[in-house]
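Since the structure comes first, as structure tokens, the remarks are kept for the end.
The figures here come from the full heavy-atom set of this structure, side chains too, leaving out hydrogens, waters and symmetry mates. Computed from a predicted structure; not experimentally measured. Below, chains carry the letters A, B, ... as their sequence lines are ordered, and counting in each starts from 1.
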2 protein chains.
Amino acid sequence: MDKKSIADPKGRSRPRVKIEDVAREANVSPATVSRVLNHPGIVRPELRDKVMRFITDLSYTPDSAARALKSGRMRTIGAIVPTLGLGIFAESVEALQNRLSESGYTLFIANSQYDQRRELQEMQSLIERGIDGIVLVGGSHGRELRTLVEQTGVPVITTYVSKAGGGIPAIGIDNERATREMTEFLLGLGHVRFGAIANILPSNDRSRARLDGIQRALSEAGIRLEPSQVIRADHSLAQGRKALRQLLTDHPGTTAVICTTDTLAIGAMTEARKMGLNVPRAVSITGFDDVELAAQVDPPLTTISIPAAEIGRGAADYLISAIAGRPVPKSVLLPYRLVVRSSTASPPKADRLPKRPR
Amino acid sequence: MDKKSIADPKGRSRPRVKIEDVAREANVSPATVSRVLNHPGIVRPELRDKVMRFITDLSYTPDSAARALKSGRMRTIGAIVPTLGLGIFAESVEALQNRLSESGYTLFIANSQYDQRRELQEMQSLIERGIDGIVLVGGSHGRELRTLVEQTGVPVITTYVSKAGGGIPAIGIDNERATREMTEFLLGLGHVRFGAIANILPSNDRSRARLDGIQRALSEAGIRLEPSQVIRADHSLAQGRKALRQLLTDHPGTTAVICTTDTLAIGAMTEARKMGLNVPRAVSITGFDDVELAAQVDPPLTTISIPAAEIGRGAADYLISAIAGRPVPKSVLLPYRLVVRSSTASPPKADRLPKRPR
DNA sequence: CGCGCTTCTGAAATCGTTTTCAGGATTATT
DNA sequence: AATAATCCTGAAAACGATTTCAGAAGCGCG
């Protein structure tokens with residue numbers, strides 16, 4: 001087994017070119033070649049250029065294992081997302097990846113399937129592989145994960161939320177405030193009979209915060225949301241449909257349905273149409289995330305837009321700084337945007353609340 | 001900079017536990033510890049158990065960089081997908097990941113944004129990092145990538161297609177045959193006026209094969225598809241909408257629209273509704289992929305279902321075998337399934353073709 | 001009871017870099 | 001022109017595991 005070797009066009013294999021090959025050809029020591037690569041500043045320009053030429057000529061690429069072993073840096077950061085489905089995190093991850101590769105880092109992506117146990121596993125696997133930093137989604141992660149982070153000291157950042165537990169820094173939006181604003185918008189339209197569809201899982205604090213926002217805004221307006229008016233679901237379209245059916249069966253008078261996710265909202269809209277209900281004339285439905293589909297669906301969905309790309313970039317910058325030992329912010333709060341489309345309108349009945357000033 | 005160290009609860013850092021620590025505690029040599037980990041069979045059971053106990057007690061995890069350096073194996077495989085958006089590849093990737101982790105491998109995911117240049121870049125980055133195997137999507141990859149594969153000898157497999165160029169093995173379905181069957185199904189329903197919406201990019205041979213299938217089936221039935229009857233698009237919903245509008249403006253008599261992607265089809269359906277056209281009574285629309293959304297949309301979409309999870313698992317098995325030097329199949333052809341839902345029906349006019357036997 | 005064979009274990013070399021340490025060359029200072 | 005200071009460069013020692021090679025212990029057999 002000739003481990004490190006590459007096959008030439010004829011199929012025979014020749015040994016991989018290593019740093020001392022370059023050194024020999026260029027008539028310098030391996031140390032100098034290494035310096036050219038890692039600290040170009042400290043080597044005499046002419047010599048540096050000469051070595052550089054040999055490097056490219058021989059198409060030398062440093063062995064990352066050896067490099068990682070000696071330097072303790074893997075030049076790799078990992079992201080653990082709850083799901084790859086529906087492309088919810090795609091935009092962030094792509095931005096993250098772009099920013100990282102600009103700085104010579106590579107991104108590992110793993111997914112936890114909304115399961116804290118798997119998240120912990122993936123985390124351990126990444127750490128064992130000597131990852132330099134980790135980006136997580138959401139702020140609730142189980143005690144074990146937090147102690148793992150503390151013990152190993154790996155830089156970690158949590159995304160999509162504005163604050164996370166256990167001293168882990170975060171970059172994202174204020175989820176509760178966003179749904180509060182959404183709810184107030186609906187109240188302003190005159191709605192009084194609300195329902196909520198939320199995907200509540202222990203690992204999903206984003207939805208929890210969003211639900212809190214709804215409830216707070218409602219109770220401030222003197223409206224109480226009965227437990228049977230909030231339906232729990234997972235993150236699938238099918239569950240959104242089922243949830244809407246149940247909600248409107250139990251509470252036929254409902255005029256506004258707030259979902260904590262676009263996926264749920266789109267499912268709900270489909271079901272509403274199937275039930276013969278016009279959206280938004282009979283029911284208003286809102287989502288959260290502003291995925292691509294949200295604008296394309298019929299009617300276009302009123303939702304909360306999240307600065308996904310900015311979150312990705314921000315997470316990258318944070319980690320790069322943290323790894324370099326530069327000072328980093330505790331957490332970053334980004335603005336969201338309420339985008340009003342056509343899935344919301346004033347309620348049909350005239351028993352509206354008078355418009356109230358915000 | 002105390003490179004390999006972990007901070008204890010108080011914040012001080014202590015050195016990482018290494019193989020010789022375990023060896024010392026267990027009163028054996030490092031070599032034995034290594035053997036317990038890598039070739040458990042050749043060490044005396046009692047001793048093995050004893051060493052094992054110390055390993056877990058000290059919670060020792062081998063340094064992957066050192067291990068990779070010495071053994072030449074990274075225990076990591078990479079997947080390069082065109083996009084993370086819309087979750088098209090999510091199911092495959094998740095299956096791939098699950099299967100790999102069963103075998104002690106970790107999965108790197110990268111995305112190329114449907115761009116051959118980026119795909120090549122990512123590939124190089126993976127290879128530099130000493131990846132053990134690579135999963136690609138689709139069969140068209142540019143000459144440079146193919147020579148890179150040949151030169152380095154890294155095991156590579158291509159997915160979602162049944163055959164790839166340049167001797168790269170493949171696992172997937174026969175895309176052309178699938179759309180041919182779809183087209184024949186539509187012909188059987190009596191349609192004669194067709195349109196096609198395809199996302200054609202040089203890097204997307206799947207859509208090309210699918211389009212070929214449509215054209216072949218049609219020409220066998222004596223129907224010619226004018227260039228203006230096939231609309232090019234990228235992979236977004238918005239493009240699907242635009243394409244449908246253009247198609248029906250240029251060819252108002254069209255009764256069947258075949259899309260090479262569910263995304264495009266769903267966009268097309270949305271637009272059709274907006275134009276006041278009933279699907280399927282006025283136009284039949286079909287997709288390809290059978291994403292989750294396809295069944296949930298209104299009307300549910302007639303499409304081709306792909307065995308995504310099986311593709312992922314198969315790719316994992318292939319790579320694991322190839323890395324171990326075991327014999328591997330040239331390529332694997334998996335079955336697709338035509339799933340008929342409610343977005344298709346016989347054309348409105350009576351000028352149908354007589355039903356023909358397949 | 002002693003010899004040869006098998007089975008395990010340990011010492012030491014090695015994988016390809018990075019980096020410390022010290023020394024040689026070059027320039028600045030008086 | 002001599003000495004000090006500054007810059008670069010090379011030799012060699014790690015980094016933490018794996019694996020070869022050879023030797024020690026255990027076994028069966030005559």
Phosphate OP1/OP2 of D:dG16: any B:K18 side-chain N/O under 4.0 Å
yes
Distance check: side-chain N/O of B:Y60 vs OP1/OP2 of D:dA17, anything under 4.0 Å?
yes
Measuring from atom CD1 of A:I80 to atom CZ of A:R118, what distance do you get when rounded to the nearest 0.5 angstrom?
10.5 Å
What is the distance, to the nearest angstrom, from the CG atom on B:L37 to the P atom on D:dG16?
16 Å
Mark yes or no for a side-chain to base donor-acceptor pair under 3.5 Å between B:R44 and D:dG26, with no hydrogen or angle criteria applied.
no
To the nearest angstrom, how far is B:R24 atom CZ from C:dA11 atom P?
13 Å
Can a side chain N or O of B:H39 be found less than 4.0 Å away from OP1 or OP2 on D:dT18?
no
For A:D63 and C:dT14, what is the distance between atoms CG and C1' respectively, to the nearest whole Å?
13 Å
Nearest 0.5 Å please: distance from the CE atom of B:M74 over to the OH atom of B:Y105.
12.0 Å
Approximate separation, where rounding is to 0.5 Å, of A:S125 OG and A:L120 CG:
11.0 Å
May I ask you to decide if the ring planes of B:F89 and B:Y160 are parallel, tilted or perpendicular, using 30° and 60° as cut-offs?
perpendicular
Side-chain N or O of A:R35 closer than 4.0 Å to phosphate OP1/OP2 of C:dT18:
no
Using every non-hydrogen atom in the two residues, find where B:P329 and B:V332 come nearest and quote the distance to one decimal.
CG-CG2, 4.1 Å
Tell me: NZ of A:K70 to P of C:dT19, nearest whole Å?
7 Å
May I ask you to evaluate whether A:T32 reaches the phosphate of D:dG10, defined as a side-chain N or O under 4.0 Å from OP1 or OP2?
yes
Note: for A:A31 and B:V43 on DNA chain C, the residue whose nearest nucleotide lies more 5' is B:V43
Between C:dG16, D:dA17, D:dT20, which nucleotide gets closest to the side-chain atoms of B:L69?
C:dG16
Rounded interatomic separation in angstrom, taking CG from A:N38 and C1' from C:dT17:
9 Å
Categorize B:V33 for me: base, sugar-phosphate, or nothing, with a 4.0 angstrom heavy-atom threshold over every strand shown.
nothing
Can you figure out which of C:dT17, D:dG10, D:dT19 approaches the side chain of B:S34 most closely?
D:dT19
A:L47 atom CG is separated from D:dC7 atom C1', nearest whole Å, by 13 Å
In whole angstrom, what separates B:R75's CZ from D:dA17's P?
13 Å
